[in-house]
Amino acid sequence: MNILVTGAAGYIGSVCSEVLLKRGHQVIALDNLQEGHRSAVPPAATFIQGDLADRPQIEKVFSAHKIDAVMHFAGEALVAKSVREPSTFYAANVACGVNLLDAMVRHGVDKFIFSSTAATYGEPDTVPIPEDHRKAPINPYGKSKLRFEEILADYRAYTGLKYVTVRYFNAAGASADRGENHRMETHLIPRVLDTALGNLPEMEIFGFDYPTPDGTCVRDFIHVLDISDSHVLALEQIERVPGEAFNVGTTSGYSNLQVVQAAERITGRKVPHRLSPRRPGDPAILVASNEKLKRLLGWEPKHSSLEEIIQSAWDWRKRYPHGYPD
Ligand code: UDP
C-alpha cells in the first residue's frame, strides 16, 4: 500500500515508517519539522515538508500522490505543555486532524489509523484499563485526543471512513537507527538516560505521595517497535475492525523510581535524582489491558520487557549522545 504517514519525522512516526517500509509498503512521509528531525525519516520514504494547518498544501499532497491509507502521528503530545497551552493542543490535535480527514474524503481515501493515548482515560477506576473504561481525561492533551476519537466516529457514520484508534501507554525504546529525541525532552526514560550520560547533572522525580507502592507514578512502558507492529496489524486487518479502539501496552506497570533503578543497573551508571512536587496533569497509575489487541489482531509484544526497552534506548542514546544531527 501507499501510506501517508503524518509526523513521520517524529519519534513513533519515524520508527513506524521504518517498519512499514520493511514490510514492503511505500511511505509518503509528511512532517512540518517543528519537533521532528529530517534525518529521522527513512531514506526510502518520499519526504514532504508540510503542515496540516495548511489545507491547500494537504490538497496538493493528495493530488500529487496516490494514497491508499493514512497513519496519523502528527500532533502535540506533552502533558505538561497541554496544561499551559491548551489552545495549541486543540489546534494541532483536533483542527489539523479535521483538515486531514476532509482531504481524505475529497480524494476517496478511506483507511485511517489514529495515534491516541492512555491519557483519554484519566485516573482509572480499574487497572489494567480495558478499552471500554470510562473516559475522563484530566489534561487538555487527553481531552484533545478524545475529541478527535469522537470526530472519527462521526466521519465513519457520515462518510464511511474506516479507522482504527490505537491508544498508546508510555512509548519508549528505540530501533537500531531511530530513537526518542525531542527538542525539549520531558519524558522519563530519555531524561533518566541523559542523566546517566552526564548531560543532566540531576533529574527530578515528579511526585512521591501518589497512592502507589513507592509513592511515585506507575506507567506501562511499551516498545516503539511493538507500537509500530500494532499499527501495521490494524491497517492490514482494517476491514475486520473498522471503528475499533485498541490499547497498546504490556499490562505491567513500573514506578518512576523502579525505572531509575533499572536504568542504573543496565547502564552501570548512577542517575542522581531528587523527589519533587507532582507535575500537573499526571494520573497516578496507567496500565493497559492488551487482551483486545491480542485477541482481535493477533498482536504480541516482542520487545517490551523493561530491560529491552531501556537497553535499546541506551544503545541509541550512546550512538547519538546529542540526538539527531539536525
Ligand atoms: N517524570 C519524572 N521526571 C521527569 C520526567 C517524567 O518524574 O524528568 C515522570 C512523570 O511525572 C510521569 C512519568 O515520569 O509520572 C512519565 O512521564 P512521561 O512524561 O515520560 O510520560 P507521560 O506519562 O506524561 O506520557
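Start at 1 and go down the list; that is how both ligands and their atoms are numbered. It should be emphasised that the depicted structure is a prediction, and the values quoted were computed from it without experimental measurement. All values below were derived from every heavy atom in this structure, side-chain atoms included, with hydrogens, water molecules and symmetry-related copies excluded.
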Quick one: side-chain contact (heavy atoms from CB on, under 4.5 Å) partners of Val224, sequence neighbours excluded? Tyr11, Ile12, Val15
With sequence neighbours left out, what residues match Val218 under side-chain contact (heavy atoms from CB on, under 4.5 Å)? Thr212, Ser255, Ile285, Val287
Side chains of Glu185 and His187: is there a donor and an acceptor less than 3.5 Å apart? yes
Sort and list the pairs that fulfil side chain to side chain donor-acceptor pair (under 3.5 Å) and have at least one residue in residues 107-117, not counting sequence neighbours. Glu59-His107, Asp110-Lys162, Ser115-Tyr168, Ser116-Glu149
Heavy-atom pair with the smallest gap, counting every atom of Leu193 and Ala263: CD2-CB, 4.5 Å
Would you verify whether the NZ or CZ of Arg278 falls within 45 degrees of the ring axis of Tyr210 while also being under 6.0 Å from that six-membered ring's centre? yes
Sub-3.5 Å pairs, protein N or O with ligand 1 N or O:
| unit_1 | atom_1 | unit_2 | atom_2 | d |
| --- | --- | --- | --- | --- |
| ligand 1 | 3 (N) | Glu204 | O | 2.7 |
| ligand 1 | 7 (O) | Phe206 | N | 2.8 |
| ligand 1 | 8 (O) | Arg191 | NE | 3.0 |
| ligand 1 | 11 (O) | Asp282 | OD2 | 2.6 |
| ligand 1 | 14 (O) | Asn256 | OD1 | 3.4 |
| ligand 1 | 15 (O) | Asn256 | ND2 | 3.1 |
| ligand 1 | 17 (O) | Arg279 | NH2 | 3.4 |
| ligand 1 | 19 (O) | Arg279 | NH1 | 3.2 |
| ligand 1 | 19 (O) | Arg279 | NH2 | 3.0 |
| ligand 1 | 20 (O) | Leu188 | N | 2.8 |
| ligand 1 | 21 (O) | Asn170 | ND2 | 3.1 |
| ligand 1 | 23 (O) | Asn170 | ND2 | 3.0 |
| ligand 1 | 23 (O) | Arg219 | NE | 3.0 |
| ligand 1 | 24 (O) | Arg279 | NH2 | 2.9 |

